[in-house]
Amino acid sequence: MNKQPLLILSVSFILGILFQDKVVLVKTVVHGVGVVCSILLILICFHSYLLHKTKTVLLMLLLFGAGIVLHFYNTSSPVDKLLVKKHETVLFKISQKLNSSEKYRKYEGIAQAGNACFNSIFYVSKDRKEFDFIHYYKAEVYITKPQIPSYDFQFDYAQYLKRKHIDYQVYLSKVIISAERNDLTWADQLRQYRFEVLNKIDKTEISEKTKEFLKGIILADRTEIDADTVRDFNKSGLVHFLAISGTHIVVVFGMFYFFLIRFVPLQFRKYAVTFSLIFIWLFAAFIGLGNSVLRSCIMLSVYFIFVLLQRKPDLLHSLALSAFFILIGDTQQLFDVGFQLSFLAVLGIYWLNQPLLKYFPKQDNYIKKLLFNTITISLSAQLATLPLVLYYFHQFSLISIIANFVIVPFSELIIIFSFLITVLISFGIDFELINGIYDGIIQFLLKVIHWFAEVDVLFFENIPMNGIEVMSLAIFVYLLRAAILKFNMKNTMGLMMAVLLFLMIRSGITAFENQKEEILVHHFNRNKIFSVKNGARVCFWISDMKNKTKILQYIVNPYCASRRVDHFEIKTLSPSIQKVVFRNKIYDLK
């Protein structure tokens with residue numbers, strides 16, 4: 001507690017959130033927890049009468065209880081009591097654009113139907129004009145609640161939306177009218193300006209893929225990026241390069257700081273850090289304050305505040321404060337995959353980067369320092385996040401290690417070039433030569449990434465992984481530091497025991513799962529799917545082979561990963577079939 005008080009308290013706070021999410025205490029009990037927290041706070045205020053260990057325990061209990069109370073109020077939604085008709089005329093405004101599908105553009109916003117006001121996802125046909133942030137819209141719509149999945153292996157989209165405080169899905173049939181808003185906030189104005197910059201990028205004379213890359217790497221807009229490019233980044237393990245992360249924020253901070261110390265008068269140079277921090281917060285607000293962006297800005301701010309106060313900076317203090325600020329604002333962020341991977345990557349860098357650097361030659365110049373640190377930071381982050389990546393996505397490519405070594409060292413230059421291009425475009429300055437050079441570089445980069453993604457021999461999918469296996473694999477990553485620092489018999493044996501524990505748990509769970517037989521009827525849109533699992537093999541009968549790719553993505557692969565199936569087979573089922581008789585039992589396919 002003396003060394004890392006903020007980290008321990010933040011862990012206590014997180015445990016309180018998890019406890020409330022799993023146990024779901026009722027309102028009366030939560031009020032009781034709130035009273036206990038108030039008593040603990042009063043006791044802690046009289047700290048001179050308390051022993052140090054007693055105070056520590058009381059602080060941990062206080063943060064644990066605070067997590068319970070805050071999460072209760074974050075999950076209590078008055079919208080559940082609203083009566084909303086399926087067919088309504090609603091008034092709505094847009095707050096965020098989401099990733100588009102083949103048929104629809106998707107937006108997040110607030111709708112009003114009669115006296116009911118609720119958050120929703122809006123599905124708008126792609127043949128309609130894009131919505132902006134400075135208008136109200138009125139439309140005839142079809143309103144649905146997100147459906148709970150039929151089986152445990154399917155992604156729970158309803159729960160995902162609930163954690164984002166979104167209650168309904170709204171499909172627009174006819175837009176009646178739009179009117180300019182007179183209640184714009186500064187956030188709305190920033191969103192609108194970003195929307196206008198994105199439109200300016202669309203009008204430039206560069207290729208479509210380069211435009212989408214530029215919008216993603218600088219403006220955090222991947223809503224229109226094509227599926228093939230997303231697949232390439234995912235399979236090559238470079239999706240973090242496209243998403244706005246700590247690297248982007250540090251590079252932007254460094255650029256602004258570089259220009260300040262060289263072009264402002266000498267008497268203002270001592271304020272360069274402060275102005276640079278203000279700039280990155282403005283930039284973060286401009287691109288939407290996502291989890292990784294917010295975490296990076298808070299950590300960078302805390303780090304330099306320690307420097308300005310002439311205190312020794314501490315990475316874990318910065319990380320703990322970042323988690324506190326984000327989770328106090330919304331405890332549901334804890335369950336966001338991006339939040340978890342972002343914080344785990346930073347912990348991995350803290351835990352493994354310096355030990356790994358000892359195996360590289362001395363970094364006696366800038367090039368060596370940049371190259372070696374890039375490799376070790378990338379490897380540390382990948383090792384730390386691997387258990388969660390396997391748990392959530394059930395896939396991994398060994399080529400991603402090589403791809404990161406090749407691409408990441410050039411990431412800073414690409415981010416700087418992309419940022420400067422975006423600034424020029426936003427001010428309406430269009431240099432064809434510069435745009436052409438940038439287009440050529442990005443096209444070459446995308447081809448290299450595509451080449452890495454095509455190395456299928458090193459790509460593994462449908463990798464089963466449950467919570468217990470994640471914990472045992474995390475123990476291995478934890479013990480890895482000691483083995484890297486000092487490769488002796490004791491540390492090696494600890495590492496081998498962790499591997500053995502993981503293999504024993506995995507083998508036991510797989511053997512248990514392979515003893516089961518399972519017969520299921522799946523529904524994907526209008527497709528009828530019948531599956532029979534016997535041991536480690538499963539056969540799927542599909543009524544519409546035209547949607548085979550999507551059925552593989554959303555039904556077959558998740559099922560195989562969940563049920564630890566080694567081999568699957570797909571056969572055709574006639575669309576006219578209404579029922580199936582199997583082992584004297586009738587299965588309805590309607």
Side-chain angles (χ1 to χ4, degrees), residues 18 21-23 146-160 335 337 386-396 459-476 498-545 547-574 577-590:
L18 290 172
D21 195 75
K22 299 300 180 184
V23 178
Q147 291 186 348
I148 298 172
S150 304
Y151 304 111
D152 59 353
F153 65 88
Q154 295 175 294
F155 175 62
D156 193 346
Y157 189 58
Q159 180 67 14
Y160 170 76
F335 305 95
V337 178
L386 180 61
L388 272 190
V389 168
L390 295 179
Y391 177 74
Y392 285 117
F393 305 110
H394 303 290
Q395 63 182 32
F396 180 72
F459 180 72
F460 305 94
E461 59 182 347
N462 300 338
I463 303 172
M465 184 70 62
N466 64 18
I468 300 173
E469 289 169 306
V470 168
M471 294 300 296
S472 61
L473 200 55
I475 293 172
F476 170 82
V499 173
L500 185 62
L501 174 66
F502 170 74
L503 293 175
M504 288 174 60
I505 292 171
R506 189 173 185 81
S507 300
I509 295 171
T510 302
F512 177 76
E513 194 65 47
N514 288 345
Q515 291 179 353
K516 297 179 182 178
E517 290 188 1
E518 189 173 43
I519 302 164
L520 296 177
V521 175
H522 315 263
H523 293 282
F524 181 75
N525 296 333
R526 296 181 180 179
N527 298 295
K528 305 168 184 176
I529 307 164
F530 182 72
S531 69
V532 178
K533 174 186 173 294
N534 187 5
R537 302 173 69 89
V538 63
C539 184
F540 293 89
W541 282 268
I542 301 174
S543 62
D544 185 4
M545 284 294 180
N547 287 319
K548 182 179 176 181
T549 303
K550 286 190 174 181
I551 292 171
L552 277 169
Q553 181 180 354
Y554 295 109
I555 298 293
V556 176
N557 289 342
Y559 181 85
C560 291
S562 174
R563 302 301 190 260
R564 299 172 185 263
V565 171
D566 293 331
H567 177 77
F568 68 86
E569 188 177 359
I570 295 178
K571 296 181 179 180
T572 305
L573 181 70
S574 173
I577 293 177
Q578 300 292 317
K579 295 181 180 181
V580 172
V581 178
F582 185 80
R583 292 182 180 174
N584 299 322
K585 189 174 179 180
I586 300 173
Y587 296 89
D588 194 348
L589 301 184
K590 292 181 182 178

After noting the C-alpha distance and the side-chain angles of Leu520 and Lys533, does the key distance pass the side chain to side chain contact (heavy atoms under 4.5 Å, CB included) rule?
CA-CA 9 Å; Leu520 296 177; Lys533 174 186 173 294; over 6 Å; no
On a heavy-atom basis, which atom in Pro464 and which in Ala561 lie closest, and how many Å separate them?
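Smallest interatomic distance, heavy atoms only, reads CB-O, 3.2 Å.
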Looking only at non-hydrogen atoms, find the nearest pair between Pro387 and Ala474 and report the distance.
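Nearest heavy atoms, Pro387 then Ala474: CG-N, 4.4 Å.
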Looking at side-chain heavy atoms only, is the closest gap between [X] and [Y] below 4.5 Å?
X      : Y      : value
Phe476 : Leu501 : no
Val580 : Trp541 : no
His522 : Phe540 : yes

Partners of [X] by side chain to side chain contact (heavy atoms under 4.5 Å, CB included), sequence neighbours excluded?
X      : answer
Ser574 : Ser576, Ile577
Gln515 : none
Phe460 : Leu398, Ile463
Lys579 : Ile586, Asp588

Got a sec, which residues hit ring-ring contact (aromatic ring centres under 6.0 Å, His included) with [X], two or more places apart in sequence or on another chain?
X      : value
Tyr392 : none
Tyr587 : Phe530
Phe568 : none

Pairing residues for Ser543 by the side chain to side chain donor-acceptor pair (under 3.5 Å) criterion, not counting sequence neighbours:
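Testing Ser543 for side chain to side chain donor-acceptor pair (under 3.5 Å), a comparison that skips the adjacent residues, returns none.
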With sequence neighbours left out, what residues match Glu517 under side chain to side chain donor-acceptor pair (under 3.5 Å)?
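With neighbours one apart ignored, the set is Arg583.
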Fit a plane to each ring of Phe153 and Tyr151, take the angle between them on a 0 to 90° scale, and name the class: parallel (under 30°), tilted (30 to 60°) or perpendicular (over 60°).
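Phe153 vs Tyr151 ring planes: parallel.
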Donor-acceptor pairs under 3.5 Å, side chain of residues 547-558 to any protein atom, not counting sequence neighbours: which ones?
from, atom 1, to, atom 2, distance (Å)
Asn547, ND2, Asp544, OD2, 3.3
Asn557, OD1, Asn462, ND2, 3.3
Asn557, ND2, Leu552, O, 3.3

Pair listing, side chain to side chain donor-acceptor pair (under 3.5 Å) test, anchored in residues 558-568, at least two apart:
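Checked against side chain to side chain donor-acceptor pair (under 3.5 Å) - neighbours excluded - the pairs reaching residues 558-568 are Asp152-Arg563, Glu469-Arg564, Thr510-Arg564, Glu518-Tyr559, Glu518-Arg563, Arg537-His567.
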Can you confirm whether Ile468 is buried at CD1, in the sense that more than 12 heavy atoms of other residues, nucleotides or ligands lie under 6.0 Å from that atom?
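Check fails, neighbour count at 12 or below.
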Check whether more than 12 heavy atoms from other residues, nucleotides or ligands sit under 6.0 Å from atom CE of Met545, and answer yes or no.
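Atom CE in Met545 is crowded, with more than 12 foreign heavy atoms closer than 6.0 Å.
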From [X] atom [atom1] to [Y] atom [atom2], the distance as rounded to the nearest 0.5 Å:
X      : Y      : atom1 : atom2 : value
Ser531 : Ile542 : OG    : CD1   : 10.0 Å
Cys560 : Glu461 : SG    : CD    : 9.5 Å
Met465 : Leu386 : CE    : CG    : 7.0 Å
Ile505 : Leu500 : CD1   : CG    : 10.0 Å
Asn534 : Ile519 : CG    : CD1   : 9.5 Å
Ser472 : Met504 : OG    : CE    : 11.0 Å

With sequence neighbours left out, what residues match Lys516 under salt bridge (charged side-chain N to carboxylate O under 4.0 Å, His left out)?
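Counting only residues at least two positions away or on another chain, Lys516 forms a salt bridge (charged side-chain N to carboxylate O under 4.0 Å, His left out) with Glu513.
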